[in-house]
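In what follows, a single structure is set out as structure tokens and then discussed.
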Amino acid sequence: MSIQGSIRVESKSKYTIEVNDKGETISFDIADFRLPAKLLNVYTNLEELTEKYEKESQKILKRKDITVKTIQAIDQKGNKINEEITKNTLDIMELTNKYYQDARNILDEFMGEGACQKIFGDVNYENMFDDLLENLEPHFKKMGLNYQKLQKGLTKKFKTSNSNILR
């Protein structure tokens with residue numbers, strides 16, 4: 001005879017935000033003491049990723065460029081023109097696509113898997129992550145996400161009398 005059981009312990013301190021017109025949501029467990037540290041990691045990792053992107057794009061733009069393909073296009077006046085696609089342009093596009101995917105992954109680690117897809121869909125645009133974080137700021141305040149507050153709380157909670165950990 002076999003007896004089976006299960007247990008599920010779930011925090012009752014969820015903060016949920018509706019993120020699109022489809023009613024999809026993202027949620028945060030505000031009782032999770034790691035949440036402010038995760039938010040700090042988002043800012044730090046996005047900053048590092050952006051610096052890396054800028055350095056790599058400058059390297060590409062300084063290279064000698066070659067035309068890969070010429071296509072016919074139509075200008076704003078309706079005239080046919082030849083448009084050149086260069087190796088540097090293709091490499092910048094590839095680098096930019098990778099940047100946006102990596103940035104989405106950084107944010108998804110904080111907001112939950114697929115959060116950026118719910119929020120942005122398939123569209124990427126300049127300053128989208130700044131726009132997102134700016135729109136989330138009032139929610140962060142409501143959740144009490146504050147790095148200095150976190151640091152003081154962790155120090156108080158985990159500090160031993162002779163320890164310099166978390167100072």
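No hydrogens, no waters, no symmetry mates; every other heavy atom, side chains included, goes into these values.
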Inter-residue atom distance [X].[atom1] - [Y].[atom2], 0.5 Å rounding:
| X | Y | atom1 | atom2 | answer |
| --- | --- | --- | --- | --- |
| Gln58 | Glu56 | CD | CD | 10.5 Å |
| Leu40 | Thr44 | CG | OG1 | 4.0 Å |
| Asp91 | Ser57 | CG | OG | 11.5 Å |
| Asn82 | Thr67 | CG | OG1 | 11.0 Å |
| Lys87 | Ile66 | NZ | CD1 | 7.5 Å |
| Glu48 | Ile106 | CD | CD1 | 8.5 Å |

Contacts of Lys141 that satisfy side-chain contact (heavy atoms from CB on, under 4.5 Å) - sequence neighbours left out: Glu137
Do the side chains of [X] and [Y] join up, straight or via other hydrophobic residues, at under 4.5 Å, putting them in one cluster?
| X | Y | answer |
| --- | --- | --- |
| Ile26 | Tyr43 | yes |
| Met93 | Tyr100 | no |
| Ile85 | Ile60 | no |

Backbone of Cys116 reached by a side-chain donor or acceptor of Asp108 within 3.5 Å: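 Judged by distance alone, yes, a pair lies under 3.5 Å.
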Any Thr25 side-chain heavy atom under 4.5 Å of Val19 side chain: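 In short, these two side chains do not touch, never coming nearer than 4.5 Å.
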Hey, can you pull the donor-acceptor pairs under 3.5 Å for the side chains in residues 119-128, sequence neighbours left out?
residue : atom : partner : partner atom : Å
Asp122  : OD1  : Gln117  : NE2          : 2.9
Asn124  : OD1  : Arg104  : NE           : 2.9
Asn124  : OD1  : Arg104  : NH2          : 3.0
Tyr125  : OH   : Asp131  : OD2          : 3.0

Using a 3.5 Å cut-off and no angle test, enumerate the donor-acceptor pairs between side-chain atoms of residues 74-81 and protein atoms at least two apart in sequence or in another chain.
residue : atom : partner : partner atom : Å
Asp75   : OD1  : Lys77   : N            : 3.0
Asp75   : OD1  : Gly78   : N            : 3.0
Asp75   : OD1  : Asn79   : N            : 2.8

Side-chain donor-acceptor pair present, Gln101, Asn97, cut-off under 3.5 Å: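 No, no side-chain donor-acceptor contact under 3.5 Å.
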Minimum heavy-atom distance Ser27-Thr16, with the two atoms named: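 Scanning both residues, the minimum pair turns out to be CB-OG1, 3.5 Å.
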